[in-house]
Structures are given as structure tokens and as C-alpha cells.
Amino acid sequence: MILRGKVLHRGEIIEAGIEFEERILRISKELNGKAIRGIILPAAIDVHVHFRDFKEKHKETIESGSLSALHGGVCLAIDQPNTSPPITTPETYFERVKRAEKKSYIEYALNLGLTEENSARICEILSKIQKRYFVPAIGETFLCNSMRVSYPTLERVKKVHRITVHAEDPELVRCNDIPNFRCRPPEAEVRAVKKCIETGVFHFCHVSTPESIKSIATSSSTSEVTPHHLLLSTEDAERLGSFVNVNPPLREKSFANTMLENISLADVIASDHAPHTPEEKKDGKSGFPGVETLYPLMMNLVRKGVVEIKTVVERLSEKPAAIFDLKGYGGIEVGNYASLAVFDFSRVEKIKAAELHSKAGWTPYEGFEAVFPTSVFIRGVQVLSNKEVLVEPGFGRVLRSVDKSSGD
Ligand code: NCD
Ligand code: ZN
């Protein structure tokens, strides 16, 4: 197939044709093909989603979460292991990826969970899994919650594999009331990030303070930011009511604004898609659904001239691929998989929870403007056309370890 139109290629918008099968074969200004309205971008890699399933099917399943991702222009999601039961053994890992193979609409990879209990055997567990599957990281590893791990354990395990960390120091986190920003201060994150950086190199999940972004940027570690820490703040507490809690919590407006101004210091933008039902939110559960609105909200910021398209796309595709060693993923390049998302800036929509596909059934961005993709391609196959899904559950594959060694 050949698409022709505006293409973001190596940071520049050019008018060109892209010829592809499963992978991109040719990119050339001379190439004619199907005319595309809008701009052709790489589909996003969301390195941080919680697709729940198992005993939490009422919140989300791999099927519903990946469908939501597909509508948002995400071609590959990295799922987190704090499921019920958690992914801390080869058995639970294999059970989950088997389910993903049957149910996922998009490409899927799964992080391995770390606990104090499995940390002594983590090498053995990981190598068993890696014989078959590509494990992006050990993560998200929590410094503070039910899957809590100590700093010395983190320091020991970092030699085994890449670790992604939820950095909030347990000594400074006092409760999980509504709103939780009153008892989870910025210092909890700043201190945890500092302590981790002193002991080694990590990928820091969903960083919420300008200070953390800046200190990570001057280290060898990498940082991830979420749309909610860029676009929402404690000023939204009244509007959000019992939906306000997220970890790390929303910060003051000045923090969000500074984060957005410094977005080029962050390495990755990810959703931290963490669905809970409205009933559960009333009990103070933390987390926002967001995989479907990740790319559309960022594209709306591009449309308004708040951030550059290149800055966003690098953080949603090239950099995630580089940091997590995802061969064949990243920018629109010959040899990479043809996983593309088309956005038309003249089609601005208001986000409505009723039109999203997560089982959560709500969104913290109700009424926000967004630009959703008009078409999505995964590995050369068109999977979405004007909101119509063209593939079945199970279309998406689970990344296998051969992907890493052979680049295939
Ligand atoms: C996450 C979840 O619900 O799995 N929630 C969240 O607020 N980000 C877990 C977590 O990171 O605390
Ligand atoms: Zn987290």
C-alpha cells in the first residue's frame, strides 16, 4: 500500500509517499498513492497502562483496554504487573500473555513485577520468561503501596534488568484521603527520585514535579510524564470531586504549567491508564483512565501551538522505542513496522466519557478539546477508519524475545 500526504519524517513535515507492507519499504517525495487528509505520524507506544483483567474485569480487560488504545492511535502498550493476582512468577506472566494473544486489539508487552518476596529469585524468573517473551522492564516498581519494594532491593535488582519506578517515598506519604494531594506532598517524589538516582539508573514513571524532571534530565536515568500532570492540577479538585485521586497526586497549577514548559526535558509521555469504577473512586482509589486520550490531548496542544509536533511524537514513539529497546518501532523510517496514525487538525472534538471505550466509564477530561486519529495502521494493516474498528480482538500480537535478538 502507498499513502501520500504530509508526513512527519526525522522531525520535519514533508509531502511524501510512504510505501509499506508489514514494514515501511520506501519514503519518497516522488511516490504517489492514496491521498491522505491530515498528517501521517507514527502510532504511539504507551509504555504505562494498567489493563487490569484477571479478578478486576469490572474495571477493564485486555480487550476493552486495547480497544480504547486503538481508538487513541496507540499501536503498542506496555502493561503493568500490579494485577490481581500480580505478575510475579513465570506462571502468572504466561497466563496473562496467553490472554493478550487471544484478546488484544493492539500489540502488547508486559512488565514483570518485583516484590521483596520474589526479589531473591528474580534472575531465574526473568530468564524463564525471556526464553519466550520480550520483557520491556521490571516495573512499575513501587516504593510505596501493596507491592512495595525497599531502596536496597532496587539497588540490587537494577543489575538484572531495566527497572521502572513509581517514586514516592513511603516515609512522606501519610494517607490516601480524598483529595490525596493533601497527604502525598511533592517532596515524597523529589526525595525518592534523588535517592534512586544516587544508587543507579532507572526509568521514572509518571513524574509530577518540575524538580524531578530537571534532576532526572541531568542524570543517566529517564523520565515519563502523563497528560494529567501537565493539564490538570489541584484547581480541578472541585470539578473532579471523588474522582480526583491519582498517584502521584495532582499538583498546584504552577507545577503543571512549569512541567508543560519543560516538556522537552522529559523522555516519554505515557498515560498511566489506571481505570477504576465510579463506585471505587468514591472509596479513594487512585488512578485515571487515559490510554485513549493520550495522543488526542497532546495533538490538541500541538494544534494550539503550545508544544511542537516533533517534541510530542518523539516522546510517544522514538524515545519509548529507544529506552525500552523495541526493535522495529519508533519513527517513520524504512525498515520500521508500518504502525501509523493520521490526525486532521480541522477535526477537533470534545471528549465525552460516553464515547470512549474503557470500562471505567468516566474520564477526568470530560468536555476537553482533543484531536482523535482518523485512521490507524498497525504493522501495515488498517485497524481504524473514521472510528470504525476493522480488526478483531487477538489481532495484536505479544512481543516475543526473538524480536530482540533478530530484529525480526
Ligand atoms: C495505579 C493503579 O491504579 O494501578 N494508580 C495510580 O494512581 N497511578 C497504581 C499506582 O501507580 O499507584
Ligand atoms: Zn504508579
Side-chain angles (χ1 to χ4, degrees), residues 46-62 65 77-88 96 110-111 113-115 136-149 154 163-170 172-181 183-184 188-189 192-193 196 202-209 212 222-230 232 236-237 240 242-251 268-291 293-294 358-360 362-364:
D46 191 343
V47 305
H48 195 141
V49 304
H50 299 268
F51 280 167
R52 312 295 191 206
D53 215 308
F54 284 175
K55 290 185 191 154
E56 296 177 318
K57 290 191 176 63
H58 62 288
K59 294 180 199 265
E60 196 75 289
T61 60
I62 292 175
I78 301 181
D79 202 4
Q80 304 302 325
N82 65 331
T83 46
S84 176
I87 312 299
T88 50
R96 187 148 182 100
L110 176 62
N111 282 345
L114 178 67
T115 58
I138 295 173
E140 76 171 299
T141 300
F142 296 89
L143 284 169
C144 142
N145 90 348
S146 57
M147 284 177 76
R148 179 169 158 185
V149 160
L154 268 188
I163 301 186
T164 72
V165 186
H166 178 137
E168 280 186 286
D169 193 292
L172 295 177
V173 170
R174 294 187 301 275
C175 67
N176 219 19
D177 296 349
I178 300 175
N180 68 344
F181 52 75
C183 47
R184 299 179 80 111
E189 178 182 283
V193 165
C196 288
F202 298 96
H203 173 77
F204 291 97
C205 302
H206 45 49
V207 166
S208 64
T209 63
S212 303
T222 50
S223 66
E224 164 191 311
V225 295
T226 65
H228 50 269
H229 291 123
L230 302 173
L232 306 178
D236 292 284
L240 291 171
S242 62
F243 292 95
V244 71
N245 281 6
V246 67
N247 297 334
L250 297 182
R251 306 297 186 192
V268 173
I269 309 173
S271 69
D272 184 20
H273 178 76
H276 299 283
T277 65
E279 285 309 306
E280 291 165 333
K281 292 298 286 179
K282 285 189 190 128
D283 296 331
K285 280 268 187 280
S286 289
F288 295 160
V291 70
T293 48
L294 167 71
S358 166
K359 276 197 181 181
W362 64 277
T363 167

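Along the sequence shown, residues carry numbers from 1. For ligands, and for the atoms within them, numbers begin at 1 and follow the listed sequence. For clarity, every value in this text was computed on a predicted model and none was experimentally measured.
Taking the six-membered ring where the residue is Trp, H273 and F51 present perpendicular rings, their angle passing 60° and hence far from 30°.
Residue side and main chain included, H206 places an N/O/S atom under 2.8 Å of the Zn ion (ligand 2).
Only one option out of E189, H228, E168, R184 pairs with S208 in a side chain to side chain donor-acceptor pair (under 3.5 Å); it is E189. Screening K281, K59, K285 for a side chain to side chain donor-acceptor pair (under 3.5 Å) with H276, the sole residue that qualifies is K59. When each of H50, H166, H229, Q80 is paired with D272, the side chain to side chain donor-acceptor pair (under 3.5 Å) condition holds for H50 and for no other.
Other residues, nucleotides and ligands place more than 12 heavy atoms under 6.0 Å from the NZ atom of K359.
Counting only N and O atoms by type, the side chains of E60 and S358 include a donor and acceptor under 3.5 Å apart.
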Write out each pair where an N or O from ligand 1 and one from the protein are under 3.5 Å apart, with the distance.
unit_1: ligand 1; atom_1: 3 (O); unit_2: R52; atom_2: NH2; d: 2.8
unit_1: ligand 1; atom_1: 3 (O); unit_2: H276; atom_2: NE2; d: 3.1
unit_1: ligand 1; atom_1: 3 (O); unit_2: S286; atom_2: O; d: 3.2
unit_1: ligand 1; atom_1: 4 (O); unit_2: H50; atom_2: ND1; d: 3.3
unit_1: ligand 1; atom_1: 4 (O); unit_2: R52; atom_2: NH1; d: 2.9
unit_1: ligand 1; atom_1: 4 (O); unit_2: N82; atom_2: ND2; d: 2.9
unit_1: ligand 1; atom_1: 5 (N); unit_2: S286; atom_2: O; d: 3.1
unit_1: ligand 1; atom_1: 7 (O); unit_2: N247; atom_2: N; d: 2.8
unit_1: ligand 1; atom_1: 7 (O); unit_2: S286; atom_2: O; d: 3.2
unit_1: ligand 1; atom_1: 7 (O); unit_2: G287; atom_2: N; d: 3.3
unit_1: ligand 1; atom_1: 8 (N); unit_2: N247; atom_2: O; d: 3.0
unit_1: ligand 1; atom_1: 8 (N); unit_2: D272; atom_2: OD2; d: 2.8
unit_1: ligand 1; atom_1: 11 (O); unit_2: H166; atom_2: ND1; d: 3.0
unit_1: ligand 1; atom_1: 12 (O); unit_2: N247; atom_2: ND2; d: 3.3

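When all heavy atoms are compared, the tightest approach of N245 to F288 is O-CE2, 3.6 Å.
Shortest distance from the Zn ion (ligand 2) to E140 is reached at OE1 (N/O/S atoms only). Among the heteroatoms counted here (N, O or S) of H166, ND1 is the one nearest to the Zn ion (ligand 2).
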